[in-house]
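A short write-up of the structure that comes next.
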Amino acid sequence: MINDELIDAAAAVLHPYHVDDRLFGDVASALVTEAGNVYVGVCIDTASGTGFCAEHAAIAAMVTAREYKIAKIVAVWRDDGPLHVLPPCGRCREFIRQIDPSNLDTEVILGRRRTTPLRTLLPETASFPLD
């Protein structure tokens, strides 16, 4: 699946909804698994911090379907103007990594023609001996 198709799949589920001072669904995510299946999800913002990112929702749908290996993932947001691609936050990066060790090689879409492996977005995880 090419980047544009996954970006479009995420954009298709963007449906912001206001409840008091909270906003649901203003960020959407789409991912494609190694098997070629696409899963989508949206963020849920809550006042108590119990909400979750769009990537979490898409990954939960994937895991519900008994899949764990993500080939590509994207998150998008639209203000009153153009569509924006968002990199995953630190919590999402770690969440993706913990679902399956091979997800370190997941292509994170950063633009229509730009991707990077998840491993490049994570902080160093190895330990280094002191001299």
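What you are looking at is a predicted structure, and each value in this text was computed from that prediction instead of being measured. Side chains are part of it too, since the values below use all heavy atoms of this structure and drop only hydrogens, waters and symmetry mates.
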Test of understanding: with side-chain hydrogen bond (donor to acceptor under 3.5 Å, both in side chains), list the residues that count as partners of R112, not counting sequence neighbours. D4

Residues passing the side-chain hydrogen bond (donor to acceptor under 3.5 Å, both in side chains) test with E107, sequence neighbours excluded, are T115

Identify all side-chain donor-acceptor contacts of residues 72-81 below 3.5 Å with residues at least two apart in sequence or on another chain.
{"from": "K72", "atom 1": "NZ", "to": "M1", "atom 2": "O", "distance (Å)": "3.2"}
{"from": "K72", "atom 1": "NZ", "to": "N3", "atom 2": "OD1", "distance (Å)": "2.7"}
{"from": "D79", "atom 1": "OD1", "to": "G81", "atom 2": "N", "distance (Å)": "2.7"}

For the backbone of I96 and the side chain of N103, can you confirm whether one donor and one acceptor N or O come within less than 3.5 Å of each other? yes

Are L122 and L104 side-chain neighbours, meaning at least one heavy-atom pair lies under 4.5 Å? yes

Do L6 and I109 make a side-chain contact, defined as non-hydrogen atoms from C-beta onward lying under 4.5 Å apart? yes

Separation between [atom1] of [X] and [atom2] of [Y], rounded to the nearest 0.5 Å:
X: T106; Y: K69; atom1: OG1; atom2: NZ; answer: 10.5 Å
X: I99; Y: E67; atom1: CD1; atom2: CD; answer: 12.5 Å
X: L110; Y: L121; atom1: CG; atom2: CG; answer: 6.0 Å

Smallest heavy-atom separation, S102 atom then E34 atom, equals OG-OE2, 4.4 Å

Apply salt bridge (charged side-chain N to carboxylate O under 4.0 Å, His left out) to D105 and list each qualifying residue two or more places apart in sequence or on a separate chain. R119

For I2, the rest of its hydrophobic cluster, which grows through side-chain links under 4.5 angstrom: none

Same cluster or not: Y39 versus V63, using hydrophobic residues (I, L, V, M, F, W, Y) connected whenever any side-chain heavy atoms lie under 4.5 Å apart? yes

If two hydrophobic side chains count as joined below 4.5 Å and joins carry through other members, does I7 share a cluster with V32? yes

Using a 3.5 Å cut-off and no angle test, enumerate the donor-acceptor pairs between side-chain atoms of residues 9-26 and protein atoms at least two apart in sequence or in another chain.
{"from": "H15", "atom 1": "NE2", "to": "A12", "atom 2": "O", "distance (Å)": "3.2"}

Could you tabulate the donor-acceptor pairs under 3.5 Å formed by side-chain atoms of residues 48-62, not counting sequence neighbours?
{"from": "S48", "atom 1": "OG", "to": "T50", "atom 2": "OG1", "distance (Å)": "3.2"}
{"from": "T50", "atom 1": "OG1", "to": "T46", "atom 2": "OG1", "distance (Å)": "3.2"}

